Amino acid sequence: MLEHVRRLTALTPTINLSILETNLQRCQWVNQFKQILSQMILTGFITDTYAASRLINFSTHSNFIPFYYSLKIFNHLHNPNTFIWNTVMRSHLEHHNSPHQAINFYKLFLLQNTPPDHYTYPILLRSCAARVSEPEGQQIHDHVVKSGFDSDVYVRNTLINLYAVCGNMVSARKVFKESLVLDMVSWNTLLAGYVNVGDVGEAEFVYDRMPVRNTIASNSMIVLFGRKGCVVKARRLFDLIEGKDMVSWSALISCYEQNGMCEEALVLFVNMNVCGVMVDEVVMVTAISACTSLSVVLMGRSVHGLAAKVGIQDYVSLQNALIHLYSSCGEILDAQKLFNGGVLLDLVSWNSMISGYLMCGLIEDAKTLFDSMVEKDVVSWSAMISGYAQHGCFTEAVTLFQEMQLLGIRPDETALVSVISACTHMAALDLGKWIHAYISKNKFQVNVILGTTLLDMYMKCGCVENALEVFYAMEEKGVSTWNALILGLAMNGLVEKSLNMFEKMKNTTTLPNEITFMGVLGACRHMGLVDEGRRYFSSMTQEHKIEPNVKHYGCVVDLLGRAGLLKEAEELIESMPMAPDVATWGALLGACRKHLNNEMGERLGRKLIQLQPDHDGFHVLLSNIYASKGNWSNVLEIRGNMAHHGVVKIPGCSVIEANGTVHEFLAGDKTHSQIKDIELMLNVVAAKLKIEGYAPITNEVSLDIDEEEKETALFSHSEKLAVAFGLITIPPPAPIRIIKNLRICNDCHTVVKLISKAFDREIVIRDRHRFHHFKHGSCSCLDFW
DNA sequence: ATAGGGTTAG
């Protein structure tokens, strides 16, 4: 080592201040720096405090010298002066993102009996501000007062900033008021504090009383107006600014963007370029974000091109925004190209790419990338879990959540929401309850989204009591919360309570939306409240100015149809501004059958089968109409057509009893004993039905099932029907598979309707899409939202 | 030396 040093110093035997300055100016590599350092140690020049401070200053400000070098030099100094201490502390704060270390160095500094100067405290106060740590800041404030630097205007301004950043405007204002000297920075800092806490009144008060209003102050006000949704005020202020700078434009553009006025944001961005104002990566990120919201990939490409032209395309934030843009617009290859070619990628880039893949449905690619990550954060896990949940991979979502638990990573709200929604879809009540307990145990804040998701889960799993508990415990409730409550109660048959809750909602400031009215109209339908249904329907359009959607119409058509108002129902269908969906027509056809209006039923049924021959529902509805009149030859004709069109489906669903017990019915991982109960039930029904003299139309149906389908599910719907009519015996239990995208078919409906009639028992069946509520041999459905 | 603008998971 010593030999090495000697060899190096032999090249430049002497050193003094001017040689040091020259050498440092030329220094571009770590080895050159090492050479200078060795020389200084060997000549003893390092003990010259000023020379040492030049060396430290250089090393902390260069980007090629590792920070531990600076610290090593620092440790070798015998008597570092205040300047050197300040340099090291500032370096921790500014270049190494460790304000905590800056404060630790201050503690060492105090032990040295070296007096701090007026540069020392601003550095420390900024460190506290960076950590948003008011108690630490308060301590430094005490030191400031003791050391007498509290009259320094720089120190006072950084104190105002500290309290402002921590949101303590009382203290910020106190420091401001007690200042003998106030400059523009003091005013702007106080103003920025009120902007930070979102206090428009106080901010305007300060802004109006400023002796001089410069561009920085006006820009702050634009930001505030933008955050508060006062777009017009922001624009007016922008137009009044004499010397608009890049930040003024940037602030207004992001004001538009944040308030959903993305076209205006882009127009302003183009204008900014036309006016020859310089653009940087910050304003470009905002512009790209606006392009993403509007899905205008071409505009995004031109911003990308501009960034390349200006030479700032390598900024990580810009690349991340572009990855997000391209994957949102389905241009996943462009996103991938950016990601693979990115030089300076960060965690956000990886997370954006993962969510980009997920957005495009490339689940495997997302998982591969996720697995290859060396360092994952909560966002990575949440993105992956919620991606799984959104694509119906509920088992995978839950498995990944459990993996995350095993690694001891605390999930965030997104992960919890996603996994609860997976539980909702799978009717995995036990796991859902476990997660609820986990949330309570770990003191997670149950906010609107999380609370609503839990409430929704309990409602959709039939646990009304638990759902209500969650509802009442929630401090803040959003429209989605009320919707989950109102719809959930209606779904579970508590219709009166559902309507009561809607009346309660009217007393709050939360306005109902189209989903709320789905619940309300659905409740009226369950109860057969024709007048109320009509009234709510008109209040939705008249008072609340909500355009009814297909489902709203369908609901009212069903309500009218059930009440026997077939003509009115048909007229409503004809008045619809959009094409009626299958359920709407189904409601009217079902009503025709119930009210024995064969003329209308046959007319509509024949028309619909012609329009949509591949839909099993219409065939069944028409055959039911014939069956109710005993026209068996017509029934067989329609059933034959069904087989011809290949529309016989395999069903699957879960049955939820009023007490919340969930039975997997026809599919799902359940024990044989539960199936046996159902078998037993069906056989009893079969016996009853036979006595009542139903015709065995199921002969035909069971023949329609092909061998392949038989292997897929243990209970095909035709077998069930056959069982119900006592025509065949149940085959020995085979392993039951979970069938995805379960859908209750019409024959399954028929069976359960019969059960509900025979046992005079209400049954609620839930599949992936809706609740089926069976009562007295008829069924009404409420769709999920 | 202290004051103003942006992005990612749902």
Side-chain angles (χ1 to χ4, degrees), chain A residues 86-87 90 93-94 117-123 125-126 129 152-162 164-165 183-193 195-196 210 214-224 226-227 241 245-255 257-258 265 279-290 292 315-325 327-328 345-356 358-359 366 370 376-387 389-390 411-421 449-450 453:
Chain A
N86 288 346
T87 307
R90 191 183 302 118
L93 170 65
E94 287 174 357
D117 63 10
H118 60 286
Y119 285 99
T120 311
Y121 287 110
I123 297 166
L125 293 169
R126 279 165 60 210
D152 185 293
V153 65
Y154 283 103
V155 176
R156 293 203 75 85
N157 289 346
T158 34
L159 268 171
I160 298 170
N161 185 57
L162 164 78
V165 164
D183 63 5
M184 212 126 86
V185 177
S186 324
W187 283 93
N188 284 341
T189 310
L190 187 71
L191 178 65
V195 171
N196 179 39
M210 292 175 86
N214 66 2
T215 308
I216 291 181
S218 302
N219 292 347
S220 297
M221 289 305 287
I222 292 178
V223 172
L224 178 62
R227 284 186 197 153
I241 300 177
D245 63 6
M246 182 169 66
V247 177
S248 318
W249 289 83
S250 180
L252 189 62
I253 289 170
S254 87
C255 161
E257 199 267 339
Q258 282 168 8
V279 286
D280 69 352
E281 80 284 357
V282 173
V283 67
M284 282 197 189
V285 161
T286 314
I288 292 166
S289 171
T292 310
Y315 272 98
V316 205
S317 50
L318 200 64
Q319 299 224 23
N320 294 345
L322 284 167
I323 290 172
H324 183 55
L325 165 80
S327 37
S328 300
L345 296 176
D346 63 3
L347 210 64
V348 177
S349 324
W350 285 73
N351 292 340
S352 302
M353 196 63 230
I354 288 174
S355 52
L358 290 168
M359 238 183 276
F370 176 81
K376 303 178 180 76
D377 70 352
V378 204
V379 179
S380 326
W381 288 91
S382 296
M384 203 59 223
I385 292 170
S386 78
Q390 275 176 8
D412 69 353
E413 191 199 305
T414 310
L416 291 170
V417 166
S418 305
V419 81
I420 294 168
S421 110
I449 299 172
L450 193 53
T453 312

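Treat the numbers as computed from the prediction; the structure is a model and nothing was measured. Every chain is numbered from 1 and lettered A, B, ... according to where its sequence line falls, protein lines coming before strand lines.
- Of the options A/L358, A/V379, A/N351, a side-chain contact (heavy atoms from CB on, under 4.5 Å) to A/M384 is made by A/L358 and by none of the others.
- Comparing B/dG5, B/dA9, B/dT2 against the side chain of A/D183 picks out B/dT2 as the nearest.
- Between the C1' atom of B/dA9 and the CG atom of A/L358 lies a distance of 10 Å, rounded to the nearest Å.
- Atom NE2 of A/H324 and atom P of B/dA9 are 4 Å apart (whole Å).
- Here A/T215 lies in heavy-atom contact (under 4.0 Å) with a base.
- Contact annotation for A/Q319: no contact, since no heavy-atom pair falls under 4.0 Å across all strands.
- A/F370 and A/W350 have their aromatic ring centers separated by at least 6.0 angstrom.
- Side chain of A/R126, nearest nucleotide from B/dA3, B/dG10, B/dA1: B/dA1.
- Summarising the geometry, the separation between CD on A/E281 and C1' on B/dG5 is reported as 10 Å, rounded to the nearest angstrom.
- One interatomic measurement links the two molecules: CG of A/N86 to P of B/dT2, which rounds to 13 Å at whole-angstrom precision.
- Residue A/V247 is classed as a base contact, given a heavy-atom separation below 4.0 Å to a base.
- Residue A/R227 places at least one side-chain N or O under 4.0 Å from the OP1 or OP2 atom of B/dG5.
- Following rounding to the nearest Å, A/E257 (CD) and B/dG6 (C1') show an atom-to-atom distance of 9 Å.
- A stacking contact links A/Y154 to B/dA1: the aromatic ring centre lies within less than 5.5 Å of the base's six-membered ring centre, and the planes differ by less than 30°.
- With hydrogens and angles left out, the side chain of A/N157 and the base of B/dT2 share a donor-acceptor pair within 3.5 Å.
- Residues that satisfy the salt bridge (Lys or Arg N to Asp or Glu O under 4.0 Å) test with A/R126, not counting sequence neighbours, are A/E94.
- Checking B/dG10, B/dA3, B/dT8 against the side-chain heavy atoms of A/S352 singles out B/dT8 as nearest.
- Residue A/M246 is in base contact, counting any heavy-atom pair closer than 4.0 Å across all strands shown.
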- Message: Evaluate A/V153 against A/V185 for side chain to side chain contact (heavy atoms under 4.5 Å, CB included), listing each step before the verdict.
- Response: CA-CA 9 Å; A/V153 65; A/V185 177; over 6 Å; no
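- For a distance-only test at 3.5 Å, the side chain of A/S250 qualifies as a donor-acceptor partner of the base of B/dG5.
- Rounded to an integer number of Å, the gap from CG of A/L190 to P of B/dT2 is 18 Å.
- Between A/I288 atom CD1 and B/dT7 atom P the separation is 12 Å, expressed in whole Å.
- Considering only residues two or more places apart in sequence or on other chains, A/Y154 meets the ring-ring contact (aromatic ring centres under 6.0 Å, His included) condition with none of them.
- The base of B/dG6 does not come close enough to the side chain of A/D280 for any donor and acceptor atom to sit less than 3.5 Å apart.
- In the set B/dA1, B/dG6, B/dA3, the nucleotide with an atom closest to the side chain of A/A192 is B/dA3.
- Computed from coordinates, the A/L252 CG to B/dG5 P distance equals 14 Å when rounded to whole Å.
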